[in-house]
Structures are given as C-alpha cells and as structure tokens.
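Right, one structure below, let's go through it.
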There are 2 protein chains.
Amino acid sequence: MNIRENIRPGGRSARVQASVHKAVRDLLSSMDRAEVTIPLIATQAGVTPSTIYRRWGDLQELLADVAVERLRPDAMPKDTGSALSDLELWAEQYADEMASGPGRAMIRDVLASDGAEVRKAGKCCAYTREQVQAIADRAGERGETFPDVEEVIDHLVAPIMYRILFDETPPTAAQVRALAARLLDGRG
Amino acid sequence: MNIRENIRPGGRSARVQASVHKAVRDLLSSMDRAEVTIPLIATQAGVTPSTIYRRWGDLQELLADVAVERLRPDAMPKDTGSALSDLELWAEQYADEMASGPGRAMIRDVLASDGAEVRKAGKCCAYTREQVQAIADRAGERGETFPDVEEVIDHLVAPIMYRILFDETPPTAAQVRALAARLLDGRG
DNA sequence: ACCTAAAAGCAAATTATTTGCTTTAGTGGG
DNA sequence: CCCACTAAAGCAAATAATTTGCTTTTAGGT
C-alpha cells in the first residue's frame, strides 16, 4: 500500500506508526503468528482498524514493514583484526540470526510483501551489502586483499540464505566459516 | 493445513483438488493476484468455499500448493554433449523461469506458506537437486569431473535465487554462464 | 489565533471465514 | 450386487475481517 516514506518525526503519524509497530512486535512475541490479526493489533496499539488498513493495506504489508526494521543491523561488523576473521564472525552471526525462528519469519514476511512499491527485500539486501562493504573497507585499510562485495553476496550470503529458506538444513558454523575462508583463499 | 498426501486417483477428492487447482491457475493468469479470493476460486471451481477452507486452510496454503506443482520440472535437463554446456543451459533456463513474473510469484507463494507441515520449499529444493544430479550422473558416465551437487546448489543455484528474491537485478545469462563455468573450472 | 490538508476515528455495509449439521460418494464386507 | 461405514462435500447460520463514506482531530503554515 502507500506507506509514506517521509513522516515528520514527533507528529501524529509517527506516533501511530510507532505504537502500531510496537503492538505488532509485542503480539508476535507472545502468540502464534496465525492468530495475529489487524483488529487485534489495532486494539493493542490503541488505534482504529481502519487506520491500519488505510496506511498499510493488509497484514502482510504491515508485518513486512516491521520485519524490515528489525532486520536493519544495529552496528557495523566487529573489527577482529583480520579480514578473514571479520568475515567469519559476521557471517556466523548473520546465519544464526537468519536461521532462527523469528529470523526466518521476518525474511518470509519481507519476501511475501514484495511486489509492493517499496522493494522491502531490496532494502534488506542493501543492509547486507553495507555490512560486507564495511568489512571490505577495513580490509583495504589494512592492505589486505578482499573480494568484490558481489562475490561475497554470491558465494557466502546467497548460499546461507538459500539453505535457510529452501532447505531443511541451515548451514552449520563450520560450513559458514568454510565458505568465508574459501572466498579469501583466492579459490573463489 | 491438512493436505492429505495420498489421495486416491479418480476419487471425489482428486476431482475437487483438480478443479480447484485449475481454477487457481486460470484466475491467476487472468487477474491480479490481490483480487483472487477463496470464494472466487470456489465459484470458478464449482465447489463450496468451506470445502477449500477445510482442505487448505487459507489462500496462502492453496496458492503454495498450486505453485509447488507448477515448479516441478517436467523433463530432465537436456543432454548437450558436455557437462559444462548441460549445466549452462539448465541454469540459464532455470534463472529465466524463476526470474519471470509468474516464476517469482510462485516462489514467493511457496515460501510464504512455509512453516507448514509439508515443507513445500524443501520440495522445490529437492526438484532442483534431482535436476543437478541428473547432469552430474551424465557427466560421470562420460568420464567428466563434476562437482558435488551441494557445491552446485551453493555456488550456482543459490546466487541465482538470492538475486531474484532480494535484489533488484536478476542475473544475466552471461553471469549465470560465468557461475557455471567457474564451478567446472576447478576454481570453485 | 485561524485555515487547510492530511490523517485518524466512527459506524454501517460488505465480504470473508468458521462451524455445526446434513447429504453424498466412494470403499469394503458380506 | 447390495448394504453399511467413513471421509469428504454441501449448506446455511454465526462470527470476524475488511472496506468505505463521512466526521473529527491535529499539526503546520499564514
């Protein structure tokens, strides 16, 4: 639907958005997602259902909206001294978060809403690129060689995501480290 | 919900399933997916809405059910004489189908329904593995070296899927061929 | 302090979903 | 071949979600 991108902070819109988002997070953490409905969220947020319908259109859009926000990384990848260990650590954490129950649910919410105007999935992808770029930049500063960000997306991020989404088997920490090592090995 | 796996062919259940699936396919091809509702499908299929609700639970499950069936490959990968060209051709076709509007929609349907018992996404993944395995087997018969199927999933299928799902940019034919070539090069 | 536009509230109308009960169609036993 | 049994479908009433027209509120600009 028509989620306005530029909401004046502190205004009424911003307050409604905040309380609705909070209501969604609270409800998702306390009950099965199949039970979460817009009228419920509205009540919890102290808002009228029609407000939510008009702003977000449907439950999927709203869930996706909340999910994208929660998928935004809160910090830059940790500096552990070398590109390899930076990448390994970051990838392990990324894989863990995404493979967790809530992580998978958020990804699915984001993908399900897609076809929308705002390309929420693209936003998530951009977050990931930023993180990888930060690791690459640090490697550059240290004088280390580091593959192109797109290489990292294709051969580290993509396999992790694919296995989480499609496969029964999320990658183990060892597998993730192996993927990372291989990228920096020159073999990839 | 409770999609029974073993339906006696020719029975009433099978007929209902067939007509509902057909109704979904027809409606999806002739209108916007946001307009497709269960009562509509029921009417089109000549069936009562409650039948659909009881069998599939909700629209997402039904759409996913139809999508998995349409994502099942109808033939084994073509034999073009060498592992590399087999893999290139298959991957290009795979990428094309999945990146198309209907392809993307089907993938999203499958993923959205997930969390269900039947692991529809896993089924799709299994189809893909079978196809790759067939190429691998042929390569073996020819005496060619061929990477492990999991390698192909990680470094060819996964990047294709990731870019289709998350990125603005589905991979070009050239990129797909490059990924395939790299796998058989020994570099991957 | 007013005026305006955008967004929220309210409530009625519509539409989708759930559910209890009835009917029908296939299956297996005689 | 017919009868009983079971699983699934139909029907319709009850409930819940969604849409919509209209009114009210509120933040921002004059």
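All values below come from the heavy atoms of this structure, side chains included, with hydrogens, waters and symmetry mates left out. Every chain is numbered from 1, with letters handed out A, B, ... down the list of sequences. Worth saying up front: this structure is predicted, and the values here are computed from it rather than measured.
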Send over the distance from [X] [atom1] to [N] [atom2], rounded to a whole Å.
| X | N | atom1 | atom2 | result |
| --- | --- | --- | --- | --- |
| B:Asp58 | D:dA16 | CG | C1' | 15 Å |
| A:Gln60 | D:dT18 | CD | P | 11 Å |
| A:Ile52 | C:dG9 | CD1 | P | 9 Å |
| A:Arg55 | C:dG9 | CZ | P | 10 Å |

Name the closest nucleotide to the A:Ser50 side chain, picking from C:dG9, D:dT18, D:dC11.
-> C:dG9
Base of C:dT18 paired with side chain of B:Arg54 (donor-acceptor, under 3.5 Å) | no
Hey, does the side-chain of B:Arg12 have a donor or acceptor N/O within less than 3.5 Å of a partner on the base of D:dA8?
-> yes
The answer to which of B:Gly11 and B:Ile38 contacts DNA chain C further toward the 5' end, by nearest nucleotide, is B:Ile38
Does the side chain of B:Arg182 come within less than 4.5 Å of B:His155's, by heavy atoms?
-> no
Non-hydrogen side-chain atoms of A:Met106 and A:Met98 separated by less than 4.5 Å | no
Check the phosphate of [N] against [X], side-chain N and O only, distance under 4.0 Å to OP1 or OP2. Yes or no?
| X | N | value |
| --- | --- | --- |
| A:Thr48 | C:dG9 | yes |
| B:Thr37 | C:dA16 | yes |
| B:Thr51 | D:dG10 | yes |

Going by atom types only, do B:Thr51 and B:Thr48 share a side-chain donor-acceptor pair under 3.5 Å?
-> no
Shortest non-hydrogen separation from A:Val176 to A:Glu92 and the atoms involved = CG1-N, 3.8 Å
